[in-house]
Amino acid sequence: MGSKKIDSNDIQFMNNLLRPEGFYSFVKLSGGKIKNRYYKLSEILGRYMDICNSIKGELVLDINKFLYDFVYTYKIYDDPENFIFTAFYRILWNVEKISDIVKKYNIQIEEFYISDLHRVMTGNVLRNIKKDYLSTAEKNNEPICIIKFEPYNDLKNRIDLPQEYRDFLIIDGNHRLHAKFIKNETSKFRFLNKKSEKIKAYVLDNKFHMELICNDRIALIYKINANINFLREYTIGSINQMELEEKLYEI
C-alpha cells in the first residue's frame with residue numbers, strides 16, 4: 001500500500017464560498033437568480049468550513065490500483081473585490097470496482113451516439129488525453145463507464161445538451177470515446193451528414209460514488225460539494241425545501 005498526503009494541491013476551498021455572501025455570489029456567477037434563501041445556510045456552511053479545514057494528513061491508497069483522478073473546479077465571484085477565485089478538489093475513484101458493481105447490481109449496457117456523448121468531455125478532460133494512447137484506445141470496444149455527478153459543474157447550464165447528459169461524468173473510457181470521435185469525424189459518413197456510430201456504456205447512478213471513491217475523507221468532500229449544489233438548486237428555485245432536505249447528504 002502506498003500513501004498520499006492531502007494538502008492544498010488536492011483541496012482548496014476559498015473562504016468566501018463557505019460564507020453566505022460568497023455562496024450567493026457563486027450562485028449568480030453560475031447563471032442563477034436568487035429566489036430562495038435557506039434558513040440553515042449559515043449554520044451548514046460554517047460546519048462545512050470546519051470539516052474542510054480539518055481534513056489533512058495521510059491517505060492510505062493502493063498505488064497499484066487503476067484510479068480515475070479527476071480535478072473538479074468551479075469559479076467563485078467575489079462581488080466587493082470584483083475578483084474571480086477558483087476552488088477545487090481532487091477526487092479519486094477506484095475504476096477496478098466498476099465490474100463488481102455491474103455484476104452485483106445487474107447494470108445493463110446502454111448505447112449513445114459518439115458525437116452526442118463526446119460533448120460532455122470538458123476542456124480539462126480533453127487536455128489530459130494522451131495522444132500516444134489513442135490508437136490503442138480506438139480498438140477497445142469494452143463499454144465505457146459514466147457516473148451521474150451531483151456537484152455543480154459547467155455542464156449543468158449547457159442548454160445544448162440533453163438534460164440527462166448534464167449530470168454525466170465519464171470515469172472510465174475517455175480515451176476510447178475521444179479516439180472513436182476522431183475516427184468518426186474523419187470518416188465519409190461525417191461528410192454525408194449521417195449520424196455517428198454508437199458507443200456502449202454503463203451508466204451508474206449517483207449512489208455508487210460511495211462504493212467507488214477511494215477514501216472516506218474524499219467521499220466527505222464529495223458530499224459537501226454535492227450539498228452545495230443542492231443548496232444552489234434550492235436558491236434558484238429548481239427544487240423546493242422538502243426536495244432539498246431529501247437530497248442533502250448527512251454530514
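Because only heavy atoms are used, hydrogens play no part in the values below, and waters and symmetry mates are left out as well, while side chains stay in.
- Here the side chain of D172 pairs no donor or acceptor atom with the backbone of I144 at under 3.5 angstrom.
- Environment of CD in E142: sparse, with no more than 12 heavy atoms of neighbouring residues, nucleotides or ligands closer than 6.0 Å.
- Taking OH of Y113 as the start and NZ of K198 as the end, the distance is 4.0 Å to the nearest 0.5 Å.
- Using a distance-only test at 3.5 Å, with no hydrogens or angles considered, no donor-acceptor pair links the side chain of R176 to the main chain of T136.
- For the pair A226 and P151, the tightest heavy-atom approach, listed with the atom from each and the gap, is N-CG, 3.7 Å.
- When side chains are defined from C-beta on, F23 counts as touching L45, because their heavy atoms get closer than 4.5 Å.
- Both Y39 and I228 are assigned to one and the same hydrophobic cluster, defined by single-linkage of ILVMFWY side chains at heavy-atom distances under 4.5 Å.
- Residues that satisfy the salt bridge (charged side-chain N to carboxylate O under 4.0 Å, His left out) test with D160, not counting sequence neighbours, are R119, R158.
- Rounding to the nearest 0.5 Å gives a distance of 10.5 Å between NZ of K104 and NZ of K97.
- Legend: residues meeting salt bridge (charged side-chain N to carboxylate O under 4.0 Å, His left out) with E245, ordered by chain and number and at least two apart, are absent.
- Residues satisfying the ring pair (Phe, Tyr, Trp, His ring centres under 6.0 Å) criterion with Y202, sequence neighbours excluded, are absent altogether.
- Annotation: side chain of I98 is not in contact with side chain of F208 (no heavy-atom distance under 4.5 Å).
- No continuous path of hydrophobic side-chain contacts links L126 to Y133 [ILVMFWY only; heavy atoms under 4.5 Å].
- Below 30°, between 30° and 60°, or above 60°: for Y38 and Y234 the angle between ring planes is above 60°, a perpendicular geometry.
- Residues Y105 and E211 bring a donor and an acceptor atom of their side chains to less than 3.5 Å of each other.
- In this structure, L41 CG and T235 OG1 are separated by 6.5 Å, a value rounded to the nearest 0.5 Å.
- A donor-acceptor pair under 3.5 Å links the side-chain atoms of E243 to the main chain of N240, judged by distance alone.
- Side-chain N or O atoms of K180 include one that pairs as donor or acceptor with a backbone N or O of E138 at under 3.5 Å.
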N227 and N229: side chain to side chain contact (heavy atoms under 4.5 Å, CB included), yes or no, with the steps? CA-CA 5 Å; N227 284 357; N229 185 52; over 6 Å; no
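- A side-chain donor-acceptor contact under 3.5 Å links Y222 and E150.
- For N225 (side chain) and I221 (main-chain N/O), a donor-acceptor pair under 3.5 Å exists by modelled atom type.
- Linking Ile, Leu, Val, Met, Phe, Trp and Tyr residues whenever their side-chain heavy atoms come within less than 4.5 Å leaves M242 and I236 in two separate clusters.
- Between the side chain of K223 and the backbone N or O of A219, no donor-acceptor pair lies under 3.5 Å.
- Y24 contributes atom OH, which lies 6.5 Å from atom CD1 of I34 (distance to the nearest 0.5 angstrom).
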Would H178 and L134 count as a side chain to side chain contact (heavy atoms under 4.5 Å, CB included) if you check the C-alpha gap in whole Å, the side-chain angles of each, and the deciding distance to 0.1 Å? CA-CA 8 Å; H178 189 58; L134 290 176; 4.1 Å; yes
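- Between the side chain of N174 and the backbone N or O of I170, at least one donor-acceptor pair lies under 3.5 Å.
- Here the closest heavy-atom approach between residue G237 and residue N36 is recorded as CA-ND2, 3.8 Å.
- In this structure, the separation between CZ on R232 and OG on S238 is 7.0 Å, given to the nearest 0.5 Å.
- Residues V120 and Y165 are in side-chain contact: their nearest non-hydrogen atoms beyond the backbone lie under 4.5 Å apart.
- Rounding to the nearest 0.5 Å gives a distance of 12.0 Å between CG of N140 and OG of S135.
- N106 and Q108 are linked by a side-chain donor-acceptor pair at a separation below 3.5 angstrom, with hydrogens and angles left out of the test.
- Side-chain contact check for F168 versus L161: every heavy-atom pair is 4.5 Å or farther apart.
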Derivation and outcome, side chain to side chain contact (heavy atoms under 4.5 Å, CB included), residues L204 and L212: CA-CA 11 Å; L204 303 184; L212 289 170; 3.8 Å; yes
Which is it for H175 and K130 under the side chain to side chain contact (heavy atoms under 4.5 Å, CB included) test, yes or no, and what are the steps along the way? CA-CA 8 Å; H175 283 84; K130 297 173 183 174; 3.7 Å; yes
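- By the 30° and 60° cut-offs, the orientation of the rings of F181 relative to H118 is parallel.
- Side chain of H209 to backbone of K148: a donor-acceptor contact under 3.5 angstrom is found.
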